Amino acid sequence: MKKIILATLLPVLLVSCREPEKKPAGNDTPSKADTPIKVLPPASNYTNPDRSPMDMVYFPTDYPLLKMTGKTSVPPLMRIIYSRPQKQGRPIFGGLVKYDTPWRLGANESTEIEFFSAATVAGKTVKPGRYILYCIPQETKWTFVLNSNLYSWGLEQNRLKDLMQFDVPVEKTNLAIEYFTIACEKRSDKSTTLIFLWDDVKTKLPVSF
Amino acid sequence: MRKTSLLVCLLVSFLFSFSQPSKLPEVDKSPMDVSYYPNNYPILKIQNKTAEPLAARVLYSRPQKQGRKIFGELVEYGKVWRLGANEATEIEFYKDVKIGGKKVPKGRYTLYAIVSENVWTMILNKDTDTWGAFKYDSKKDMLRTDVAVQKTDEVVESMSMFFEKSTTGISLIIAWEQVKATLPITL
């Protein structure tokens with residue numbers, strides 16, 4: 001009997017020992033840490049697309065499409081440019097993204113936010129213009145920071161150029177989000193909730209114009 | 001056995017359908033990218049290695065060749081092309097520059113091209129934040145300039161744009177398939 005139990009347990013034990021190396025289902029890309037910095041100079045002038053691709057978010061949502069289809073005739077209010085890292089089975093907050101340490105809200109370059117008119121962000125007035133946005137995550141609270149150090153790589157923040165901070169609570173999602181995502185949830189034509197989602201964490205930043 | 005795998009498939013697809021809120025933006029097939037002059041400016045900046053100020057930035061989306069014939073087919077000759085995919089390609093100058101002998105004040109512009117076999121007509125247009133070239137309006141052109149194209153040795157899979165230093169300033173290089181266009185910009 002003992003032998004049988006051992007024989008049954010052994011493969012289970014072996015499998016569970018190997019468990020940490022197992023790739024998540026449906027993920028064919030290797031699980032590796034993000035490249036912190038681009039290789040300089042590039043091996044070829046014609047580089048491959050980034051592993052954490054860049055993306056753009058407008059408010060009103062999909063503004064360029066609205067404009068193309070003639071559904072808007074007013075200028076856009078806000079634009080965010082960020083890069084989208086993937087979870088790839090890794091624990092993100094408190095793991096890959098350390099608590100109490102500035103995080104670029106993405107990958108590669110610092111995340112850029114541009115307000116095309118004066119805005120109110122979480123109750124504070126922000127002048128029109130282009131800024132970088134990063135955050136200092138904690139388990140239950142994120143501190144968002146607007147900073148003026150534009151066109152900088154996101155690994156280092158120049159804290160001397162911090163302009164404004166906004167504390168927001170952390171919410172949990174039911175299921176893990178694979179790609180870091182920034183999106184606008186419309187509240188009215190002139191106000192939106194910026195949502196930030198990755199892994200099982202969701203934070204919100206209200207913006208109105 | 002068949003029934004079991006069918007059941008597993010159903011279960012997996014059921015779970016997947018709930019794995020992410022359906023409204024979330026997906027990752028683009030033709031991902032966006034950015035190039036600067038000076039090259040890699042953001043990295044140089046945090047390393048305190050910038051020798052000259054940021055002069056230009058181009059934001060574009062990168063379609064892939066994927067075995068298709070690009071110029072003359074996917075990108076038709078004689079038609080206005082958005083120089084990429086998705087949103088129209090944006091070029092921003094952080095100082096006044098000159099293109100094709102014409103002064104271009106600093107600011108954001110949309111860049112298009114009319115492609116033919118031996119020459120590309122580059123179009124700098126003042127209508128920004130738009131999608132593709134579907135609503136291209138020549139009345140909003142800042143300038144048009146013809147540039148020569150060359151053949152590349154290698155086949156470029158992902159459409160690429162980057163800046164190079166030249167004798168008169170900088171050049172914006174645009175390459176895809178085996179075609180390379182060079183737009184001279186005087187700083």
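Every value quoted in this text rests on a predicted model; they were computed, and no experiment measured them. First the proteins, then the strands, lettered A, B, ... as listed; each starts at 1.
Atom CG in B:Leu24 sits 5.5 Å away from atom CD1 in A:Ile177 (nearest 0.5 Å). In this structure, A:Trp153 CH2 and B:Asn40 CG are separated by 7.0 Å, a value rounded to the nearest 0.5 Å.
Contacts between A:Ser110 and chain B at a heavy-atom distance below 4.5 Å are absent for every atom of the residue. Neither the backbone nor the side chain of A:Phe180 comes within less than 4.5 Å of any heavy atom of chain B. For A:Asn48, the part sitting under 4.5 Å from any heavy atom of chain B is the backbone (N, CA, C, O) and nothing else. Contact annotation for A:Ile182: only backbone heavy atoms (N, CA, C, O) come within less than 4.5 Å of a heavy atom of chain B. Proximity to chain B (any heavy atom under 4.5 Å) is shown, for A:Pro49, by both the backbone and the side chain. The contact between A:Ser152 and chain B is made by backbone and side chain atoms together, counting heavy-atom distances below 4.5 Å.
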CA sep, side-chain torsions, deciding dist, call: B:Lys45, A:Glu109, salt bridge (Lys or Arg N to Asp or Glu O under 4.0 Å): CA-CA 11 Å; B:Lys45 185 166 182 175; A:Glu109 282 92 347; over 6 Å; no
Step-by-step side-chain contact (heavy atoms from CB on, under 4.5 Å) determination, B:Arg62 to A:Thr47: CA-CA 11 Å; B:Arg62 306 184 63 180; A:Thr47 56; 3.7 Å; yes
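Taking a 6.0 Å sphere around NZ of B:Lys69, one finds it holds more than 12 heavy atoms contributed by other residues, nucleotides or ligands. Within 6.0 Å of the CD atom in A:Glu139, the count of heavy atoms belonging to other residues, nucleotides or ligands does not exceed 12. Atom NZ of B:Lys98 has 12 or fewer neighbouring heavy atoms from other residues, nucleotides or ligands inside a 6.0 Å radius. A:Lys202 NZ: more than 12 foreign heavy atoms inside a 6.0 Å radius. When the shell of 6.0 Å around NZ of A:Lys172 is examined, it contains more than 12 heavy atoms from other residues, nucleotides or ligands.
Within residues 110-123 of chain B, no residue has any heavy atom closer than 4.5 Å to a heavy atom of chain A. For residues 126-136 of chain B, the interface with chain A (any heavy-atom pair closer than 4.5 Å) comprises B:Asp127, B:Thr128, B:Asp129, B:Thr130, B:Trp131, B:Phe134, B:Lys135, sorted by residue number. Of residues 140-151 of chain A, those residues with a non-hydrogen atom less than 4.5 Å from any non-hydrogen atom of chain B are, in numerical order, A:Asn149, A:Leu150, A:Tyr151. Below 4.5 Å, heavy atoms of chain A meet heavy atoms from B:Glu87, B:Glu90, B:Glu92, B:Tyr94, all part of residues 80-97 of chain B.
By number of non-hydrogen pairs under 4.5 angstrom with chain B, the leading residue of A:Ile195, A:Thr181, A:Asp55, A:Thr61 is A:Asp55. No other option in A:Glu156, A:Gln157, A:Arg130 has as many heavy-atom pairs under 4.5 Å with chain B as A:Arg130.
Between B:Val27 and A:Gln86, every side-chain heavy-atom pair lies at or beyond the 4.5 Å cut-off. In this structure the side chain of A:Val57 never reaches within 4.5 angstrom of the side chain of B:Pro25, judged on heavy atoms. For the pair B:Lys180 and A:Tyr46, the minimum side-chain heavy-atom distance is below 4.5 Å.
When all heavy atoms are compared, the tightest approach of B:Asp33 to A:Met54 is C-SD, 4.0 Å.
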